[in-house]
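Below is one structure, written out as structure tokens, with a few remarks after it.
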2 protein chains.
Amino acid sequence: MEVDFRIRMNEKLYLRDPELSVLGKKIVKQGLELIIKLGFEDFTFKKLAIQIDTTEASIYRYFENKHRLLTYLMAWHWSYLEQKMVFYTNNIKEPELRLRKILELLAAPATEKSGSDFITERLTYDLVMSEGAKAYMTKHVNLDNRDRLFKPYKDLCGRFAAAILEYNPKYKFAHSLASTLLETAHSQKYFMHHLPSLTDFGMEKDDKKLLRFLEALLFDSIKPAIKK
Amino acid sequence: MEVDFRIRMNEKLYLRDPELSVLGKKIVKQGLELIIKLGFEDFTFKKLAIQIDTTEASIYRYFENKHRLLTYLMAWHWSYLEQKMVFYTNNIKEPELRLRKILELLAAPATEKSGSDFITERLTYDLVMSEGAKAYMTKHVNLDNRDRLFKPYKDLCGRFAAAILEYNPKYKFAHSLASTLLETAHSQKYFMHHLPSLTDFGMEKDDKKLLRFLEALLFDSIKPAIKK
DNA sequence: CTAAAATGATAGTATTGCTATTATTAATAA
DNA sequence: TTATTAATAATAGCAATACTATCATTTTAG
């Protein structure tokens, strides 16, 4: 099933909307690829400019700096994921199945060609795993937050939390559990690839075990107290 | 109760052992403070050199670059925490109490003057919360890992996992759960301060709620299947 | 077709992230 | 104690980064 969502991005994320020009799209698309390839630290606008045959100055007309580009990409990812979550769960009435679907989306390596013409979900997923935290781990989090740059992440978390509360309205830590599972999905996957002894997943290519872990974490936490 | 541990650091972490000279200790101690003050991105050896009235070149004789200094500080923190964990739990026979103690140490804001003469635990705790992930989120994780720079973190995680298995030898994800709780302790605290809507803790100064959350997460996960 | 907007070309500047050299001071061993 | 070694300071320098500014040229939209 192939669906294309229209993602509405916060205007504070950019100086000039990259979706509205060929150059803008190239900056975002190839920027994403280059950040993944070089790592965020070694990535520069200069290198990107050379790769897409433009100038540093032109890129600076779209994004204040590389951190804003990263934040843009993360915001896009979270927005996309939220839309996907809505789309794939809103006809599921059973709270448990809904939650299972959500976890699948979180742990999923994302289908081949999903996303949009200029951003592919597969890549933002990799990015969020390997660089995601750097979007908010800065001295200027609070300012960025005031500009609502992290709203997509919070919305996603909020929706997840709401689904948790539908399953068990008495659970006391819905938001913390939701953000923990979001973070855990990425950190465990990262560990699995780079620091496997921090996990129990071995080096298996599929994410089934990770999904089992997330499910256990979630349902053991929110199952009503009296069982079996 | 005041205890001082001798932390043995991996030699790959530095070029010249900072513990063996006044200058070295100043670099580490004030480096820690300055990274927290400026944030890792804005922190430079130049700025540190000015602050401790030495030269950039002198600092480079101790640490290859600022990332190594960060990794050193993190390694110190994890080693210290592991020792503390051993010290405070090895006379506890009851697995559950042992785990509760471990969680306390993870969630704790750390006592006033603990640590050593040149590093204070309180500060490394702040650092691990706000910059910790940057130690391993790099393109060179695998190389750093080969040099065993993250061994202290893995050891801590391993010890935690062992305590989990003592409580419930059948639990299948001891390492993942341990690393998840470690990461969660920090990320939730960070969110609490900067992105509170990702949590359920409000802005309360004490960490009791966070501790309750971690306890719930842990024990709900590892409690034997049949209850009540 | 014209005006406005976007891009390209080029330059420049302060800071970062180093390395190298030599002089000076401190620690240590004979 | 002196001679030797080691650590630090002082200084310089360099390529890369992270921008900003200017002006010419092209593209686009009315």
Side-chain angles (χ1 to χ4, degrees), chain A residues 9 11-31 34-35 37-73 118 131 134-135 137-140 143-144, chain B residues 11-31 34-35 37-73 118 131 134-135 138-140 143-144:
Chain A
M9 303 294 288
E11 293 182 5
K12 292 271 174 67
L13 286 163
Y14 50 75
L15 297 173
R16 201 205 288 315
D17 188 345
E19 286 194 61
L20 300 182
S21 73
V22 178
L23 181 62
K25 285 179 196 167
K26 272 206 316 203
I27 290 169
V28 171
K29 186 182 163 74
Q30 308 242 46
L34 198 59
I35 293 172
K37 187 176 164 197
L38 303 177
F40 186 65
E41 282 70 35
D42 289 347
F43 168 83
T44 69
F45 277 177
K46 180 93 225 231
K47 289 171 184 167
L48 178 57
I50 290 166
Q51 175 154 320
I52 62 182
D53 198 44
T54 182
T55 61
E56 245 184 309
S58 296
I59 298 174
Y60 275 107
R61 284 190 199 103
Y62 283 86
F63 292 98
E64 238 175 286
N65 52 53
K66 68 175 180 174
H67 185 266
R68 275 293 156 105
L69 174 57
L70 178 68
T71 308
Y72 178 95
L73 290 164
F118 78 113
E131 313 281 0
K134 291 170 192 168
M137 285 185 89
T138 68
K139 266 286 153 177
H140 47 88
L143 291 173
D144 289 353
Chain B
E11 293 182 3
K12 292 272 175 66
L13 285 163
Y14 49 76
L15 297 172
R16 201 205 288 313
D17 189 345
E19 288 194 59
L20 301 181
S21 74
V22 179
L23 181 62
K25 285 181 196 165
K26 273 209 309 202
I27 290 169
V28 171
K29 188 182 161 72
Q30 309 242 49
L34 199 57
I35 292 173
K37 187 177 164 196
L38 303 177
F40 186 64
E41 282 70 36
D42 289 347
F43 168 83
T44 69
F45 277 178
K46 180 94 226 233
K47 289 171 185 168
L48 177 58
I50 290 166
Q51 175 155 319
I52 63 183
D53 199 41
T54 183
T55 62
E56 242 183 309
S58 297
I59 298 175
Y60 274 106
R61 281 191 205 98
Y62 283 87
F63 293 98
E64 237 175 283
N65 51 53
K66 68 176 181 172
H67 185 265
R68 275 293 156 105
L69 174 57
L70 179 68
T71 308
Y72 178 96
L73 290 164
F118 77 113
E131 314 281 359
K134 291 170 192 168
T138 68
K139 265 286 153 177
H140 48 89
L143 292 171
D144 289 354

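Convention: sequence-line order gives letters A, B, ...; per-chain numbering from 1. Side chains included, hydrogens not; waters and symmetry mates left out as well; all remaining heavy atoms used.
- Across the protein-nucleic acid pair, Ile27(A) atom CD1 and dA6(C) atom P stand 13 Å apart, rounded to whole Å.
- Considering only side-chain N and O atoms, Ser58(A) lies under 4.0 angstrom from the phosphate OP1 or OP2 of dG8(C).
- With rounding to the nearest 0.5 Å, the separation of OH in Tyr60(A) from OG1 in Thr55(A) is 11.0 Å.
- The shortest distance between the side-chain N/O atoms of Ser21(B) and the OP1/OP2 oxygens of dT8(D) is below 4.0 Å.
- Regarding Asp17(A), its CG atom lies at a distance of 11 Å from the P atom of dA6(C), rounded to whole Å.
- Under the 4.5 Å side-chain criterion, counting only non-hydrogen atoms from C-beta, Leu70(A) is not in contact with Phe43(A).
- Using a 4.0 Å cut-off between a side-chain N of Lys or Arg and a carboxylate O of Asp or Glu, Lys12(A) and Asp144(A) do not qualify as a salt bridge.
- Rounded to whole angstrom, the span from the NZ atom of Lys25(A) across to the C1' atom of dT7(C) amounts to 17 Å.
- For the pair Leu48(B) CG and dG17(C) C1', the interatomic distance rounds to 14 Å; values are reported in whole Å.
- Each of Gly24(B) and Phe45(A) lies near DNA chain D, and the nucleotide nearest Gly24(B) is the one positioned closer to the 5' end.
- Rounded to whole Å, the distance from CG on Leu34(B) to P on dT16(C) is 11 Å.
- Put simply, CZ on Arg16(B) is 9 Å from C1' on dT8(D), counting in whole angstrom units.
- Residues Glu41(A) and Lys134(A) are paired through a salt bridge, judged by an N-O separation under 4.0 Å between the basic side chain and the carboxylate.
- Phe40(B) carries Lys66(B) over the face of its six-membered ring, with the cationic atom under 6.0 Å from the centre and within 45° of the normal.
- Atom CG of Asp42(A) and atom P of dA15(D) are 19 Å apart (whole Å).
- Axis orientation changes by 20° from one end of the helix from dC1(C)-dG30(D) to dA30(C)-dT1(D) to the other, with each end axis drawn from 5 pairs and the value rounded to 10°.
- Every side chain to side chain contact (heavy atoms under 4.5 Å, CB included) that Thr44(B) has, sequence neighbours left out, goes to Lys46(B), Lys47(B).
- Nearest to the side chain of Thr44(A), among dA18(D), dT8(D), dT7(C), sits dA18(D).
- Rounding to whole angstrom units, CD1 of residue Ile50(A) and C1' of dA9(C) are separated by 14 Å.
- No side-chain heavy atom of Tyr62(A) sits under 4.5 Å from any side-chain heavy atom of Val28(A).
- Counting heavy atoms from C-beta on, the side chains of Leu38(B) and Lys139(A) never come closer than 4.5 Å.
- Within the 4.0 Å cut-off from OP1 or OP2 of dT7(C), at least one side-chain nitrogen or oxygen of Tyr62(A) is found.
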Could you write out each protein N or O paired with an N or O of nucleotides 19-22 of chain D at a distance under 3.5 Å?
| residue | atom | partner | partner atom | Å |
| --- | --- | --- | --- | --- |
| dC19(D) | O5' | Tyr60(A) | OH | 3.1 |
| dC19(D) | N4 | Glu56(A) | OE1 | 3.2 |

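- Comparing dT16(C), dA9(D), dT8(D) by their closest approach to the side chain of Thr55(B) singles out dA9(D).
- Annotation: the span from Ile50(A) atom CD1 to Glu56(A) atom CD amounts to 8.5 Å, rounded to 0.5 Å.
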